[in-house]
Amino acid sequence: METTSIEPSMQITFTLVSTHEEIAQIIDLQARNLAPVLSPETIASQGFLTVRHDADVLLRMNEAAPAVIAKDEGRLVGYALVMPREFAAEVPVLLPMFDMLAGLSWKGIPLRDNPRWFVMGQICVAAGYRGMGVFDGMYLKMKEVYKTKFDFTVTEIAERNTRSMRAHERVGFQELHTYPDTTTGEVWRTVVLEF
Ligand SMILES: CC(C)(COP(=O)(O)OP(=O)(O)OC[C@H]1O[C@@H](n2cnc3c(N)ncnc32)[C@H](O)[C@@H]1OP(=O)(O)O)[C@@H](O)C(=O)NCCC(=O)NCCS
């Protein structure tokens with residue numbers, strides 16, 4: 001379970017990844033929130049992450065399209081990954097998602113024919129900083145930075161991650177598709193946020 005004794009300073013800033021140190025802090029925050037290291041109670045109340053990213057792939061992803069991060073006096077306290085579609089093959093566990101997305105349409109336009117969207121690859125807010133607007137702030141920053149090049153972002157949320165489902169609904173994500181992963185039994189909801 002993730003624990004923190006650090007008190008938020010209330011001076012949280014929203015920016016883009018620009019250093020290797022920030023990538024290392026993303027990997028660290030990710031590692032503390034993966035389902036296998038969390039108790040069932042924490043998973044139910046706080047949410048959980050499924051995908052672990054390779055540090056090299058994360059570095060190259062961020063060079064192509066930097067993630068949005070939240071910082072509290074230099075400490076990374078949240079991240080939202082931007083995953084360009086050309087990186088699909090680099091994160092093999094996400095390939096089925098990209099295959100599935102290729103068969104869907106948004107507003108009548110097949111996703112496969114539309115270059116103006118990207119996958120929001122993963123979002124996490126550090127324990128101790130939840131429920132304070134960090135989540136909303138990261139999506140606002142994402143819109144501000146990426147809206148000229150993209151019309152919307154797509155992400156997937158495990159249906160049982162009810163905290164994440166609620167937070168995404170609150171900031172305006174709309175449902176596109178729901179499907180079960182027959183291997184793991186996880187039910188995934190594909191959602192879209194218009195910029
Ligand atoms: C999911 C996460 C990013 C959301 O950020 P956050 O700062 O906790 O989100 P917020 O507190 O702003 O919003 C959570 C919403 O869910 C509600 N909520 C809290 N716990 C809940 C629960 N167990 N089930 C359903 N809703 C819940 C809150 O009341 C709030 O809704 P409201 O604004 O209508 O009151 C963060 O909790 C986190 O990083 N969790 C661990 C990793 C994770 O699950 N990432 C997402 C993977 S898809």
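Along the sequence shown, residues are numbered consecutively beginning with 1. Just follow the structure's listing: the first ligand is 1, and inside any ligand the first atom is 1. Because the structure is a prediction, the values reported are computed rather than measured.
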Spell out, yes or no, whether Val171 and Phe150 are grouped together once hydrophobic residues are joined by side-chain heavy atoms under 4.5 Å, including indirect joins.
yes

According to the interplanar angle, ranging from 0 to 90°, do the rings of Phe118 and Tyr146 count as parallel (below 30°), tilted (30 to 60°) or perpendicular (above 60°)?
tilted

Test side chain to side chain contact (heavy atoms under 4.5 Å, CB included) on Met100 and Glu156 and set out the steps.
CA-CA 11 Å; Met100 185 274 303; Glu156 283 199 334; 3.0 Å; yes

Tell me, which protein residue and heavy-atom name are nearest atom 24 (N) of ligand 1, and how many Å apart are they?
Thr162 OG1, 2.8 Å

Which residue and atom name correspond to the protein heavy atom nearest atom 17 (C) of ligand 1, and how close is it?
Arg166 CG, 3.7 Å

Which residue and heavy atom of the protein sit nearest atom 42 (C) of ligand 1, plus the separation:
Leu49 CD2, 3.6 Å

Assess the residue pair Met142 and Leu193 against the criterion (side chain to side chain contact (heavy atoms under 4.5 Å, CB included)); give the C-alpha distance rounded to whole Å, side-chain angles, the decisive distance to 0.1 Å, and a yes or no.
CA-CA 11 Å; Met142 185 179 285; Leu193 180 70; 5.9 Å; no

closest protein heavy atom to atom 41 (C) of ligand 1 is Gln46 O, 3.3 Å

Is Ala44 touching ligand 1 with its side chain, its backbone, both, or neither, if touching means heavy atoms under 4.0 Å apart?
backbone

Where Arg163 and Arg130 come nearest, the two heavy atoms and their spacing:
NH2-CB, 3.7 Å

Correct closest heavy-atom pair for Leu76 and Gln25 would be N-OE1, 2.8 Å

closest protein heavy atom to atom 48 (S) of ligand 1 is Ser164 OG, 3.2 Å

For the pair Thr50 and Thr184, evaluate side chain to side chain contact (heavy atoms under 4.5 Å, CB included) and give the outcome as yes or no after the intermediate values.
CA-CA 11 Å; Thr50 304; Thr184 61; over 6 Å; no

Donor-acceptor contacts under 3.5 Å from residues 83-99 side chains, at least two apart:
{"residue": "Arg85", "atom": "NH1", "partner": "Asn114", "partner atom": "O", "Å": "2.6"}
{"residue": "Arg85", "atom": "NH2", "partner": "Leu111", "partner atom": "O", "Å": "3.3"}
{"residue": "Glu90", "atom": "OE1", "partner": "Arg60", "partner atom": "NH1", "Å": "3.4"}
{"residue": "Glu90", "atom": "OE1", "partner": "Arg60", "partner atom": "NH2", "Å": "2.9"}
{"residue": "Glu90", "atom": "OE2", "partner": "Arg60", "partner atom": "NH1", "Å": "2.8"}

Nearest-option assignment for atom 11 (O) of ligand 1, heavy atoms, candidates Ala70, Gly131, Cys124
Gly131

For atom 39 (O) of ligand 1, what is the nearest protein heavy atom, given as residue, atom name and distance?
Val125 N, 2.8 Å

For atom CZ of Arg170, is the number of surrounding heavy atoms from other residues, nucleotides or ligands below 6.0 Å larger than 12?
yes

Side chain to side chain contact (heavy atoms under 4.5 Å, CB included) between Val68 and Leu16: does it pass, once the steps are laid out?
CA-CA 5 Å; Val68 174; Leu16 299 180; 3.9 Å; yes

Can you find a protein heavy atom under 4.0 Å from atom 28 (C) of ligand 1?
no

Between Gln122, Met132, His168, Arg163, which one has a non-hydrogen atom sitting closest to atom 19 (C) of ligand 1?
Arg163

Can Val134 be said to touch ligand 1, with heavy atoms closer than 4.0 Å?
no

From the candidates Tyr129, Phe135, Tyr79, the one that places a heavy atom nearest atom 5 (O) of ligand 1
Phe135

For ligand 1, is there an N or O atom under 3.5 Å from any N or O atom of Asn33?
no

Return the closest protein heavy atom for atom 36 (C) of ligand 1 as residue, atom name and distance.
Arg130 NE, 3.7 Å

Parallel, tilted or perpendicular, judged at 30° and 60°: which one describes the rings of Tyr139 and Phe173?
perpendicular

Please state which part of Thr155 comes within less than 4.0 Å of ligand 1, counting heavy atoms only: side chain, backbone, both or neither.
neither

One finds that the ligand 1 atoms under 4.0 Å from a non-hydrogen atom of Gly47 are 41 (C), 44 (O)

Under 4.0 Å from atom 45 (N) of ligand 1, is there at least one protein heavy atom?
yes

Grab the two heavy atoms, one from Arg160 and one from Ile43, that are nearest each other, plus how far apart they are.
NH1-CG2, 3.8 Å

Looking only at protein heavy atoms, which one is nearest to atom 9 (O) of ligand 1, and what is the separation?
Ala167 CB, 4.0 Å

For atom 10 (P) of ligand 1, state which one of Arg160, Met138, Arg189, Arg170 supplies the nearest heavy atom.
Arg170

